[in-house]
Amino acid sequence: MIEIDALVVGGGPAGICAASTLAEKGLEVWLVDENDQLGGQLVKQTHKFFGSKEHYAGVRGIDIPQKVDLCKVKVLSNTSVLGCYKDGVYTLIIEEKTYIKVKPKGAVIATGAQEKFLPFEGNDLPGVYGAGAVQTLMNKEGILPGKKVLMIGAGNIGLIVSYQLLQAGVEVVAVIEGADRIGGYWVHSAKVARASVPILTNHTILKAVGKSEVEGAVIAKLNSNWEVEPNSEQTFEVDTICLSVGLAPINDLLWQRGCQMQYVKELGGYVPSRNKFLKTSVDNIYVAGDVSGIEEASSAMVEGKVAGLALAMDIKGENFEMEIEQAFRSLKWLREGETALNLRKGLEKIGVIEC
Ligand SMILES: Cc1cc2nc3c(=O)[nH]c(=O)nc-3n(C[C@H](O)[C@H](O)[C@H](O)COP(=O)(O)OP(=O)(O)OC[C@H]3O[C@@H](n4cnc5c(N)ncnc54)[C@H](O)[C@@H]3O)c2cc1C
């Protein structure tokens, strides 16, 4: 049994910021991630971030992890946290070989999110991908998923990945969206529209066509009750169908540990109940980033800082409230505007902010 001050599970933007903050406050921190490279979703985000300088505006997502100071953090890559038990013990497996037990004084769970899928005929054919998988293939491995793509979902991820496909020379035949409006930022939809890619709202996919791989896709129009309008089917000849229909928090460890969970549709599904310092119902377990509600990398980083500071206060008994207040102001700024309305509703439901 190894005893440490703090354990951070997940090396995405939330986890690296939490770990860096805890180390800066003089605590012995382990940062654990199951991948070979730190950054979580950032390792595939080749585009430049926007917003403010404080939130790495102008820096490519893939370059952000190197800008965070982790020199005092013990980083365990290729390591998965398998379990989290009532006595405060966490079980880890390193490189799929070495099994160890760790007992930290406190932990930040920053395990991120996984992609949601859609039920439709033929969705198990080779050629049907999640948008995250397409980004990994293209931006990390340098492999194109196909030549002609239909994108399902016009949120930020669907729009960004569509644009990245176009930049890589892939034809995007259309972006379809079930809702009556585009969910992503105007700046992303404008780039796709300028490339003459139609963005069809009120549309859904009915089936993937093909015997052993995707050869086409049938879509149809939806009415205001989300029912398929008769005779509205259209067929596209494509070799790839890319799904970008939302993310759901990876919350297994929190369920296992008995943290109180709440279903909040606007935050992506089951999320942990927590106070504004991101402390869960279980003492000394904090959360940050997408596991606490689907948002963005910028807010995940600020949440990581809040959770790190709050846990450091618990462990050291010192007061870092002024720094926390500053981070709160940053979060408020990031959560302003019409596009974050849904998110604010979700956070209000969980009792974190006033809408
Ligand atoms: C395809 C895609 C594109 C996106 N594009 C943008 C964008 O352009 N701009 C933007 O701001 N946001 C974007 N986002 C959202 C943004 O990437 C996320 O909000 C952000 O990465 C969340 O950070 P996180 O640290 O909470 O989780 P993640 O980045 O998901 O990191 C979590 C990490 O934890 C690891 N992990 C999980 N469970 C365990 C375990 N048990 N043991 C060890 N490790 C574990 C995961 O492997 C992962 O590395 C995108 C998301 C996706 C999926």
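Order of listing sets the numbers, starting from 1, for every ligand and every atom in it. This one's a predicted model, so the numbers in the text were calculated from it and none came from an experiment. Residues take their numbers from the sequence shown, with the count starting at 1.
Considering backbone and side-chain N/O atoms, Gln45 comes within less than 3.5 Å of an N/O atom of ligand 1. Here's the thing with Glu115: none of its N/O atoms is less than 3.5 angstrom from an N/O atom of ligand 1. For ligand 1, the polar-atom distance check finds no N/O of Leu42 at less than 3.5 Å from any of the ligand's N/O atoms. Every N/O-N/O distance between Gln135 and ligand 1 stays at or above 3.5 Å. Ligand 1 has no N or O atom lying under 3.5 Å from any N or O atom of Gly10, backbone or side chain. Here's the thing with Asn35: one of its N/O atoms is less than 3.5 angstrom from an N/O atom of ligand 1. At under 3.5 Å, not a single nitrogen or oxygen of Ile250, backbone or side chain, sits near a nitrogen or oxygen of ligand 1.
Between Arg335 and Glu303 there is a salt bridge, with a side-chain nitrogen of the basic residue lying less than 4.0 Å from a carboxylate oxygen of the acidic one. Salt bridge absent: Asp239 and Lys148 never bring a charged side-chain N and a carboxylate O closer than 4.0 Å.
When atom types are taken as modelled, the side chain of Asn251 and the backbone of Tyr270 share a donor-acceptor pair closer than 3.5 angstrom.
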**Message:** As a quick check of understanding, evaluate side chain to side chain contact (heavy atoms under 4.5 Å, CB included) for Phe120 and Leu243, giving each step before the final call.
**Reply:** CA-CA 12 Å; Phe120 58 88; Leu243 296 174; 4.0 Å; yes
**Request:** For Glu213 and Leu125, run side chain to side chain contact (heavy atoms under 4.5 Å, CB included): C-alpha distance rounded to whole Å, both residues' side-chain angles, the deciding distance at 0.1 Å, then the answer.
**Result:** CA-CA 5 Å; Glu213 59 189 352; Leu125 281 173; 5.8 Å; no
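Nearest non-hydrogen protein atom to atom 11 (O) of ligand 1 is Ala297 N, 3.2 Å. Atom 47 (O) of ligand 1 has its closest protein heavy atom at Glu34 OE2, 2.7 Å. Given atom 27 (O) of ligand 1, the protein heavy atom at minimum distance is Gly112 CA, 3.2 Å. In terms of protein heavy-atom proximity, atom 38 (N) of ligand 1 is closest to Thr111 CG2, 3.3 Å. When hydrogens are left out, the protein atom nearest atom 31 (O) of ligand 1 is Gly12 CA, 3.4 Å; that is the closest non-hydrogen contact. Of all protein heavy atoms, the one lying nearest to atom 53 (C) of ligand 1 is Gln41 OE1, 3.3 Å. Ranking the protein heavy atoms by distance from atom 26 (O) of ligand 1 puts Asp290 N, 2.8 Å first.
Looking at Asp33, Ile157, Ile93, Val161, it is Ile157 that brings a heavy atom closest to atom 51 (C) of ligand 1.
Between the side chains of Asp33 and Asn35, at least one donor N or O sits under 3.5 Å from an acceptor N or O.
Looking at Thr98, Val81, Leu82 one by one, the single match for side chain to side chain contact (heavy atoms under 4.5 Å, CB included) with Leu92 turns out to be Val81.
For Asn156, the closest heavy-atom approach to ligand 1 does not fall below 4.0 Å.
Follow the hydrophobic side-chain contacts under 4.5 Å out from Val134 and you never reach Val214; the two are in separate clusters.
Annotation: cation-pi pair Lys67/Tyr56 absent, no NZ/CZ under 6.0 Å from the ring centroid and within 45° of its normal.
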